[in-house]
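From a predicted model like this one, the values you see are computed outputs, not experimental measurements. By convention in this document, chain letters (A, B, ...) are assigned in the order of the sequence lines, proteins followed by strands, and residues within each chain are numbered from 1.
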2 protein chains.
Amino acid sequence: MTRSEENYLKTIFHLGGGDSKSISTNAIAEQMETKPSSVTDMAKKLSDKGLVDYVRYQGVSLTDVGVKTALSIIRKHRLWEVFLVKKLDFTWDEVHEVAEQLEHIKSEKLIDKIDELLDFPKYDPHGDPIPTKDGKFQERDEKLLSEMPINSQGVCVGVKDSSVPFLKFLDKNNIALGNTIKILDKEDFDNSLRIQMNGKEMRISHQIATNLYVKKNP
Amino acid sequence: MTRSEENYLKTIFHLGGGDSKSISTNAIAEQMETKPSSVTDMAKKLSDKGLVDYVRYQGVSLTDVGVKTALSIIRKHRLWEVFLVKKLDFTWDEVHEVAEQLEHIKSEKLIDKIDELLDFPKYDPHGDPIPTKDGKFQERDEKLLSEMPINSQGVCVGVKDSSVPFLKFLDKNNIALGNTIKILDKEDFDNSLRIQMNGKEMRISHQIATNLYVKKNP
DNA sequence: ATCTATTTTTAGATTTGTCTAAATTTAATT
DNA sequence: AATTAAATTTAGACAAATCTAAAAATAGAT
């Protein structure tokens, strides 16, 4: 399994190709910043290896083996991210690039030991769930902040957009995972929110609210 | 800098090419288990990049930049080895293969943080010195066990051969770095040694004695 | 149902790193 | 100094992963 093959599987999974849903070569190319013709070539190769189902002009979806492989790479990526933050004091906006490299290290023992060292974390620094060794996901009932009703409360548990600028913006405004949030008011005009976070009142734009995951209190 | 280029620089350094000494393409090919013609190709490329001096039919040696680059890769390799042993309970015969992969991860911050986490170790698990960030080596006055005079004493500080079979052999015979050694007698017939190690008396073949480094007591 | 715009694939080229086989240079021996 | 053996390089080929440009298939609109 080459690094390139692994990156394709991971991308297809992230685009939803794990649920027998067909992903277009164009969509994959755009996500990976490559050309559709390159994707076609790789689709054939992965199909020959039994990792994706590929029908010409119909896109690709992951086979069971493909899903399993993708999950093991995502597992490694997210565990390394936790390692970088928890053990080496990286910030959550610094980890992605390095984890993109570390996820391709081939050693089952290594990643199992990292998992153990971190005490088997369930979520990465951006709140994304870490698949278990046997490829299971811990689903979590979370909502986008923008979907929460007025007067409801919750805890900030993840980000949808984990780009560096967004993460830095959150830092600057003291918005961190684990913070408690109460929706005070919605502004019909621009869909912005008035919220209370850790006691303090603040205003949140719609753009931000659609990129923050909240776990609603019962 | 590609992974392949890094591996060539590392190999040339290990073969002594860091001291303006010319290393033959054949020697490099043999060490890397590749073909001399492939080495020639890479020699040209590294020469174009100013990392080696290459004269046709005369072999290659590292430039100053080449030495610096090689040392930074060796530094990463050895730091990762320490990490694997100290933090993840790998044994000293398991670390090489994984470190061969980890040494190519590109992140200065990562390796500096690993260095810090390990409290700036000076030697790797096989007793090899770890170059500093600015490419300096800690030289150490060490001798091969086979070169120690009768009745002299020392501490076992490193292995010359760090192959898996040799390391496993040492483990099986309770020979570990840090052990104290006293040479009791030499057998002229087969050059074997009678030694005292950590109090116990034992016999050591010449083959073993030429692959163990000892720091002689004053 | 046909036409058109879009998507997707094919064909052929490119780059990197490798190889084999042949040619060349160097080194060793007489 | 000539000859031979060994080391080294060159030339040409290949596989992986990519690209461009042209061709083919699909989907949407009328």
Side-chain angles (χ1 to χ4, degrees), chain A residues 1-17 20-62 66 69-70 73 100-101 103-106, chain B residues 1-17 20-62 66 69-70 73 100-101 103-106:
Chain A
M1 175 80 48
T2 68
R3 178 174 295 227
S4 185
E5 287 169 349
E6 291 185 347
N7 284 332
Y8 273 96
L9 293 180
K10 195 179 50 157
T11 300
I12 296 166
F13 184 89
H14 281 135
L15 292 172
S20 321
K21 188 180 118 191
S22 253
I23 310 299
S24 75
T25 50
N26 250 20
I28 297 165
E30 191 177 348
Q31 179 77 20
M32 298 184 75
E33 297 184 55
T34 181
K35 303 292 165 184
S37 56
S38 306
V39 179
T40 301
D41 289 343
M42 186 56 86
K44 288 175 187 165
K45 194 204 241 193
L46 293 174
S47 175
D48 287 347
K49 291 193 171 191
L51 294 161
V52 303
D53 291 319
Y54 169 56
V55 182
R56 272 166 70 220
Y57 295 99
Q58 305 300 150
V60 297
S61 64
L62 296 173
T69 309
I73 300 156
E100 287 281 298
Q101 298 180 60
E103 72 189 5
H104 299 292
I105 301 289
K106 282 166 184 51
Chain B
M1 175 79 46
T2 68
R3 179 175 295 229
S4 185
E5 287 169 350
E6 291 186 346
N7 284 332
Y8 274 96
L9 292 180
K10 197 179 49 157
T11 301
I12 295 166
F13 183 90
H14 281 135
L15 292 172
S20 320
K21 191 179 116 192
S22 253
I23 310 299
S24 75
T25 50
N26 250 19
I28 297 165
E30 191 177 348
Q31 180 76 19
M32 298 184 73
E33 299 184 58
T34 180
K35 302 293 163 179
S37 56
S38 306
V39 179
T40 300
D41 290 343
M42 185 56 86
K44 287 174 187 166
K45 193 202 242 196
L46 293 174
S47 175
D48 288 346
K49 291 194 172 192
L51 295 161
V52 304
D53 291 319
Y54 168 57
V55 182
R56 274 166 68 224
Y57 295 100
Q58 304 301 152
V60 297
S61 64
L62 296 173
T69 310
I73 301 156
E100 286 282 298
Q101 298 180 62
E103 72 189 4
H104 299 293
I105 301 289
K106 280 163 185 55

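Between A:Y54 and the phosphate of C:dT9, there is a side-chain N or O to OP1/OP2 separation shorter than 4.0 Å. Regarding contacts with the backbone of C:dT16, every side-chain N or O of B:Y8 stays at 4.0 angstrom or more from both OP1 and OP2. One finds no side-chain N or O of B:T25 lying less than 4.0 angstrom from the OP1 or OP2 phosphate oxygen of D:dA7.
Rounding to whole angstrom units, CG of residue B:N26 and P of C:dA27 are separated by 13 Å. One can place NZ of A:K44 at 15 Å from P of D:dT18, the figure rounded to the nearest angstrom. The nearest whole Å value for the distance from the CE atom in B:M32 to the C1' atom in C:dT18 is 12 Å. At whole-Å resolution of the value, CE in B:M42 and P in D:dT10 are 16 Å apart. The CZ-P distance, from B:R56 to D:dT8, rounds to 13 Å in whole Å. The OH atom of B:Y57 sits 17 Å away from the P atom of D:dA6 (whole-angstrom rounding). In this structure, NZ of B:K35 is placed 17 Å from C1' of D:dA15, rounded to the nearest angstrom. For the pair A:I28 CD1 and C:dT7 P, the interatomic distance rounds to 15 Å; values are reported in whole Å.
Here the closest non-hydrogen pair linking A:V52 and A:A43 is CG2-O, 3.8 Å.
Dense packing is recorded around CD of A:Q101, with more than 12 heavy atoms of other residues, nucleotides or ligands lying under 6.0 Å away.
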**Study point:** Stepwise side-chain contact (heavy atoms from CB on, under 4.5 Å) test for B:V60 and B:L46
**Key:** CA-CA 10 Å; B:V60 297; B:L46 293 174; over 6 Å; no
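Residues B:E6 and B:H104 have side chains that bring a donor and an acceptor to within less than 3.5 angstrom of each other.
Rounded to the nearest 0.5 Å, atoms OG (B:S24) and OH (B:Y57) are 14.0 Å apart.
Residue contacts shown for A:S38 include a base, since a base heavy atom lies under 4.0 Å away.
Remark on DNA chain D: of its neighbouring residues A:T34 and B:P36, the 5'-side contact belongs to B:P36, judged by nearest-heavy-atom nucleotide. Take the nearest nucleotide of DNA chain D for B:V39 and for A:D41: the residue whose nucleotide is more 5' is B:V39.
Side-chain proximity of A:S24 to D:dA27, C:dT8, C:dT9: nearest is C:dT8.
In terms of polar N and O atoms assigned as donor or acceptor, the side chain of B:S37 comes within less than 3.5 Å of the base of C:dT20 in a complementary pairing.
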